[in-house]
Amino acid sequence: MKSTTKHLTMFTSFLCFYFIVSACSSLKTVDFETPVDTTNKHIKKQTKKIYGLPGVGIYASNDFDGARLNGFQKENDSTALVIINPENGPINNSAYYAFKTWADTDRSFYFTFRYPKGYKHRYIPKLRMNDSWSIIDSSHIFKKDSIITIKLNLSTSPTTIAAQEIQSSTDVKNWYTTIANGKENYIKIESVGKSTLGRNLPVLDIHNGDTKNKDVIVLLTRQHPPEVTGYFAFQSFLKTIINDSELSKQFLKQYHLLAFPIMNPDGVDLGHWRHNAGGIDLNRDWSVYNQPEIKKAAEFINKTLKKNKSKLLLGLDFHSTWYDVFYTNKKRENTTLPTFIDDWFTSLEKNIPNYEVNEQASNSTKPVSKGWFLYGHDAVGITYEIGDKTPKDSIELIGRVSAQQMMNILLNK
Ligand SMILES: [Zn+2]
């Protein structure tokens, strides 16, 4: 074979190989009215350390996963300044903080929170003592203008103070490993890949028996690290689907569930206010997939659908905001489940005492998951938001009943 022909043949084979590979892994981009630049932006890392206040005998540490403390200074003999900064900006005012503090001897001490200009205190402090969390007593919170000071009774053993209960990537892993234990016949814990900093991106692949042609439901959570109340609803929702009740058994015979328990493990462990390690709001990357967390999840979902010749029916993305709200798409006709939203909300009100659904409907213009479900799959996409202050027992109830009613509706469709 002449050298030029040989090169041409090699080149052609390379091209064929390239197209085969790219056809397998290619992810179709999804267009949105208002694109968002999701290429990496710089983040400022915290210095992990133990801070001590000179001459006072008070200490603070951010040396653990989920911590956020950017500085700790003496204001006077009874007060410390707690300096909290976001990972980068501009950013939503999700002013997350978490640190441990202790003293040389038992004593009370005051802590004043300081945020950069333009940001202010948002979350009521939660305290971890021994292994349980509680909300700080309101008599220990002092407000002057928008500046918050709290009083803590310190001892030589550290108390953890955090904006929300800390649920690090390790905590999340312990949780899903525990709930899947003994259910290996229908729950497979898989990995869709690695985050920017190499943390695992897990998915629970849940189905009873064959997956061929089974319609798929996707659950997502923790794109935004401090949104722990949304994660609690996700936990309650998922636990209800796998609780081995008759409803659950019937449901998992017919449907295939993909549940992503931690979409942004780097942001969670780094104590970020909102972004991932690439400095990006992941819930704006559901268009061109610049960030590995979204790219890997979307690839896994699409690959699962293709392999099983399945349809994506419904995507629920669990978040937190100021109050409970379901963000829905206005467009319902020609989606996989045109009446689902109305049916679901009606049955939630019927089955939760004194509960009124708060729905805000608008078609996504920015690249969020709810829009990706709609424009990318003609599926129903819902952002399932729980209030920052919604009590745990209400979250548990809403999560459980919303899962039961979803299963009922899908089994009767
Ligand atoms: Zn969110």
Side-chain angles (χ1 to χ4, degrees), residues 32 34 36 38 41 43 66 68 86-98 119-120 122-124 126 162-169 172 195 201 218-238 259-287 290-291 293-294 297-298 315-329 358-374 381-390 395 398-399 402:
F32 283 82
T34 317
V36 176
T38 54
K41 289 183 183 63
I43 60 162
R68 170 123 312 237
E87 58 275 18
N88 64 4
I91 194 162
N92 271 38
N93 188 52
S94 316
Y96 176 84
Y97 54 87
Y119 301 104
K120 61 181 186 188
R122 167 166 174 178
Y123 300 105
I124 300 172
K126 320 292 185 294
Q164 291 292 15
E165 288 186 28
I166 295 168
Q167 292 287 335
S168 68
S169 66
V172 174
S195 68
L201 299 169
V218 171
L219 310 180
L220 307 170
T221 193
R222 295 306 282 290
Q223 292 197 80
H224 299 145
E227 300 182 5
V228 175
T229 58
Y231 169 65
F232 289 152
F234 172 97
Q235 288 185 311
S236 173
F237 194 96
L238 186 58
F260 295 80
I262 184 160
M263 289 292 292
N264 183 3
D266 292 343
V268 166
D269 287 353
L270 295 176
H272 281 185
W273 287 20
R274 190 169 177 90
H275 299 160
N276 72 341
I280 294 301
D281 181 342
L282 290 179
N283 206 24
R284 299 293 180 272
D285 194 36
W286 292 90
S287 172
N290 280 315
Q291 299 302 319
E293 293 85 354
I294 303 306
L316 299 177
D317 186 4
F318 292 75
H319 289 249
S320 309
T321 187
W322 304 93
Y323 43 80
D324 294 359
V325 56
F326 291 98
Y327 293 117
T328 58
N329 291 306
N358 179 18
E359 179 190 6
Q360 290 184 32
S362 67
N363 292 330
S364 306
T365 57
K366 288 180 182 167
V368 300
S369 66
K370 145 174 118 61
W372 185 80
F373 291 123
L374 177 66
I382 299 174
T383 314
Y384 187 131
E385 301 264 7
I386 295 289
D388 295 333
K389 297 179 191 169
T390 304
I395 301 175
I398 298 166
S402 60

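Sequence positions, counted from 1, serve as the residue numbers for this chain. Just follow the structure's listing: the first ligand is 1, and inside any ligand the first atom is 1.
The side chain to side chain contact (heavy atoms under 4.5 Å, CB included) test with Thr328 singles out one residue from Thr383, Leu374, Ile382, Asn363, and that residue is Ile382.
Note on Glu227: its N/O/S atom closest to the Zn ion (ligand 1) is OE1. When the N, O or S atoms of His319 are ranked by distance to the Zn ion (ligand 1), ND1 comes first. Note on His224: its N/O/S atom closest to the Zn ion (ligand 1) is ND1.
A side-chain donor from one of Asn329 and Lys370 sits under 3.5 Å from a side-chain acceptor of the other. Tyr231 and Gln235 form a side-chain donor-acceptor contact under 3.5 Å, judged by distance and modelled atom types alone. Donor-acceptor pairing under 3.5 Å is recorded for the side chains of Asn283 and Gln223.
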